[in-house]
Amino acid sequence: MATEILMPALSPTMEEGTLAKWLVKEGDEVKSGDILAEIETDKATMEFEAVDEGTVGKILIDEGTEGVKVNTPIAVMVEEGERAEDIDTSASKDSAPADDTSDKDTDTAKPMSAQPAAAMPEPEPVEDPEVPEGTEMKTQTVREALRDAMAEEMRGDDTVFLMGEEVAEYQGAYKVSQGLLDEFGAKRVIDTPITEHGFTGVATGAAMGGLRPIVEFMTWNFAMQAIDQIINTAAKTRYMSGGQMSVPVVFRGANGAAARVGAQHSQDYAAWYAQIPGLHVAMPYSAADAKGLLKTAIRGDTPVVFLENELLYGQSFEVPDLDDYTVPFGKARIWQKGDDVTLVSFGIGMKYALEAAEKLAEDGISAEVIDLRTLRPMDTKTVIESVKKTNRCVTVEEGWPVSSIGGTISSVLMQQAFDYLDAPVITCTGKDVPMPYAANLEKHALVTTDEVIEAVKTVTYK
Amino acid sequence: MPAAKSPKKPNTSKEELLKYYREMLLIRRFEEKAGQLYGMGLIGGFCHLYIGQEAVVVGLEAAASEGDKRVTSYRDHGHMLACGMDPKGVMAELTGREGGYSKGKGGSMHMFSTEKHFYGGHGIVGAQVPIGAGLAFADRYLETGGVTFTYFGDGAANQGQVYETYNMAELWDLPVVFVIENNQYAMGTSVQRSTKSPSLWERGAAYGIEGEEVDGMDVLAVKAAGEKAVKHCRAGKGPYILEMKTYRYRGHSMSDPAKYRTREEVQKIREERDAIEHVRELLLQGKHAGEDELKAIDKETKDIVNAAAEFARESPEPSLDELWTEIYA
Ligand SMILES: Cc1ncc(C[n+]2csc(CCOP(=O)(O)OP(=O)(O)O)c2C)c(N)n1
Ligand SMILES: [Mg+2]
């Protein structure tokens, strides 16, 4: 019986990819384990293996085709005695449902990296004091911006080095450190064994010894193995030594939920680390802020917890094309001016805040959208000034509701802007449950754009 | 010491060999099917396949007795099938459905069965090692006579909590078999790039724990070593370490481009050391089974796996109420 080979999903986040190269041709016999094709995802080029034995009857998608949706038939395998011609019709017939599924997103031919950017609501441009007028911008993914920030700081200062699991030869589990081993060599781009508590301590000690380590946690979930060194040593040493010693170390990596990776791999640590005196905590949303904040973090003498997001790594933004673009800690970015409500968020929460703002605009509600960018120090001043104008506030974050960042903002507003509030602050958060694996449950566990819209309608009494 | 090999003329029976053949084949076919379902988007997130390592769990389960416990990492599908969990329930958990062992709430890395004494399925590298010792602590405390098989990888073997556990396990004579599944890679890092220890099991000596290296591609050798380890534990002599020399054929998880090793390296091990092929040859050469009988087993196995996949696709998604249940006792 002829069987279709479908475009495979090769990562938790892949929806489409490029069929880079066929390694078999029509008429070839293959057995289980043979490589059929090379497929490019947003992260890497992957070899795609045959599962069963058979003969390649027909190739349906030419090599070099971009934007091939997962589950599109790409070839047909035949068994002994069958001929490719016999299955032509069944193949084209069977491919119909796959086409149906793609009408959700009609723009199939567009390359991956361009898509998320296009899907982003276009913010009304707000002046960035860090960017001189007339500066050229270039489009970059968050992943590239982070890599450039590290590379630029490593070029400028020999004491900066990167360590972590799979950062060197593998080029980073999420490919953030791509190319760094080539440029800086194994002395400065160091693969560690899987020993988070150990290497976090080593980096902290190296920082006390005069270096500027960047530690990549494959994800922040694994930094729980190391949280003692981060908090009890890195954060507190300057204070405990009466200011004699600084610990200039940056701890960075993917934070929060990715997609379908379950309870132990889907957790937002923003509120956890934001509580710790002695740490600085950044959680950028855009590529420009990722770059500018990371450069500032590496240069500073305070230990920094730098919370990135796997789902944002592949998203593109405009980044100022400057030799040395830095963003200060403790200054929020106003993404969009508005009059009716203040939406406060940070990191991936901004996605929901901006989507909600766009939909609210259609209903005639004008939202001011503030990206905190750093949680410690936190720019509450900008939030208060905005609320003095809008008189309403909704916060958005992916983390849990108890002792959340939103909870902190709401208490600040109550204490410092009580007379300006026309409605209670609503904090939109992830649900108070461990992250479930099932697709339908996961969607509900996360904060949603609809919940943000609902909250805004509640505080604006619409 | 070189890995213990099974003798040329193994002391085994036709029934035993056929049983191993079936069990190992079930794991392999199940994993191939899981890989397919992942490619189709029916399984999401991380999915770590056990293909290549089947002899380890099948051999050790043959050395276990009713009531013994097991705990492992995220590369757990093989362990669950080998201890008798239902392929349907495992596959339905992979697709995140109501019929899964955790009702779809756990996923590939987080599955449990109290009935089969399978304590997970853990996503944090190394974290299951003290858990395994804790299970053994309970067995000793309650005097059940049970033994806990605590599985972890060569990469996990570098986590500090492993050594804290070794110390306590020996100090308190805990009946735990530490099984290091040395498949030579931790994601893209080979053992040689993560440690200069010549062997992993010998690290136990620093804590007074006995152990040995075993050819983990030879199910008979695994079973023999497992029996020895279990006997040691049940005699009240404390923990025992087995370092299984094995190999993973597929990428670390579904999204691993596997550029850190050559295809030839993988192919060579498949051709020369494959655990299932090994048993197949013993069966054929010893004239214990003919090609036809083995083909029939292949077919039965495929049917079981197809039925599991069917179940996993048909089973409904969990109801939305499930989001809020089972958080507190
Ligand atoms: C504490 C922790 N650090 C890092 C990871 C990411 N990670 C998952 S599996 C893995 C490699 C583990 O290799 P090994 O112990 O050899 O087991 P194998 O995957 O080979 O079965 C890594 C680094 C994790 N899950 N937990
Ligand atoms: Mg390994």
Side-chain angles (χ1 to χ4, degrees), chain A residues 5-15 32-33 35 38 41 43-49 51-52 70-71 165-166 168-171 173 191-198 218 221-222 224-225 258-266 431-442 444-445, chain B residues 32-33 35-36 38-41 43-46 74 93 96-98 100 102-110 122-127 153 155-161 186-189 193-195 249-251 253-260 263 266-267 270 317-318 320 322-324 327:
Chain A
I5 307 278
L6 304 178
M7 182 72 168
L10 295 171
S11 82
T13 46
M14 174 173 172
E15 283 166 15
S32 155
I35 322 171
E38 285 180 3
T41 70
K43 275 193 286 194
T45 303
M46 305 272 296
E47 289 173 345
F48 176 42
E49 293 182 359
V51 182
D52 286 315
V70 165
N71 275 340
E165 291 159 21
E166 310 288 359
E169 295 198 8
Y170 199 81
Q171 311 287 324
D191 279 327
T192 64
I194 310 171
T195 55
E196 287 85 3
H197 195 197
M218 193 174 285
N221 303 288
F222 315 141
M224 278 206 281
Q225 300 282 321
R260 310 283 312 278
V261 291
Q264 291 186 329
H265 282 69
S266 312
K431 309 304 176 297
D432 201 11
V433 303
M435 185 62 75
Y437 165 74
N440 62 330
L441 298 186
E442 188 187 58
H444 279 79
Chain B
E32 285 166 358
K33 181 59 78 177
Q36 262 178 330
Y38 191 96
M40 293 161 73
I43 297 174
F46 294 131
Y74 45 83
E93 189 60 38
R97 305 300 173 87
E98 194 181 88
S102 303
K103 304 180 192 166
K105 289 155 85 165
S108 161
M109 301 187 285
H110 314 298
H122 294 267
I124 301 301
V125 168
N158 292 316
Q159 285 286 36
Q161 54 185 319
M187 283 187 79
T189 305
R193 293 208 304 115
S194 67
T195 183
Y249 295 176
R250 295 296 191 92
S253 67
M254 297 305 296
S255 50
D256 173 12
K259 294 283 186 255
Y260 44 84
R263 285 204 63 83
V266 183
Q267 212 46 41
R270 278 188 167 185
E317 289 192 309
L320 288 184
E322 284 294 336
L323 189 58
W324 300 101
I327 297 165

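In what follows, every chain begins at residue 1, and chains take the letters A, B, ... in the order their sequences are listed. Predicted model, so just to flag it, every value in this text is computed and none were measured.
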Can you say whether [X] sits under 4.5 Å from chain B via the side chain, the backbone, both, or neither, judging by heavy atoms?
| X | result |
| --- | --- |
| A:E196 | both |
| A:Q225 | side chain |
| A:M7 | backbone |
| A:L441 | both |
| A:N440 | both |

### Query
Looking only at side chains, do B:T189 and A:E166 share a donor and an acceptor under 3.5 Å apart?
yes
Is it the side chain or the backbone of [X] that comes within 4.5 Å of chain A heavy atoms, both, or neither?
| X | result |
| --- | --- |
| B:Q159 | both |
| B:M40 | both |
| B:R193 | side chain |
| B:I327 | side chain |
| B:E98 | neither |
| B:Y260 | side chain |

Report the option among [options] that has the most heavy-atom pairs separated by less than 4.5 Å from atoms of chain A.
| options | result |
| --- | --- |
| B:E32, B:M109, B:E322 | B:M109 |
| B:S255, B:G96, B:G126, B:S253 | B:S255 |
| B:V266, B:I43, B:L320 | B:L320 |
| B:G106, B:G160, B:G41 | B:G106 |
| B:R263, B:H122, B:Q267 | B:R263 |

#### Entry: Step-by-step side-chain contact (heavy atoms from CB on, under 4.5 Å) determination, B:M187 to A:Y170
CA-CA 9 Å; B:M187 283 187 79; A:Y170 199 81; 4.3 Å; yes
### Query
Charged N to carboxylate O below 4.0 Å: is that the case for A:E49 and B:R250?
yes
### Task
Kindly indicate whether the side chain of A:V70, heavy atoms from C-beta on, has any atom under 4.5 Å from the side chain of A:P8.
no
### Query
Hey, does B:I124 have a side-chain heavy atom less than 4.5 Å from the side chain of A:F222?
yes
### Query
In terms of ring plane angle, is the pair B:H110 and A:H265 parallel, tilted or perpendicular, where the classes change at 30° and 60°?
tilted
Can you name the nearest heavy-atom pair linking [X] to [Y], along with the distance?
| X | Y | result |
| --- | --- | --- |
| A:I194 | B:A186 | CD1-CB, 3.8 Å |
| A:L6 | A:F48 | O-CZ, 3.8 Å |
| A:L10 | B:Y38 | C-CE2, 4.5 Å |

### Task
Could you list the residues that satisfy salt bridge (charged side-chain N to carboxylate O under 4.0 Å, His left out) with A:K431, not counting sequence neighbours?
A:E451
### Message
So, using side-chain contact (heavy atoms from CB on, under 4.5 Å) as the criterion, who are the partners of A:M435 when residues are at least two apart?
### Response
A:A257, A:S266, A:E442, A:A445, A:L446
### Message
With chain B as the partner, which of A:E165, A:E47, A:E169, A:E38 has the greatest number of non-hydrogen pairs under 4.5 Å?
### Response
A:E169
### Residue, of A:G262, A:P434, A:S11, A:P193, that accumulates the most heavy atom pairs under 4.5 Å with chain B
A:S11
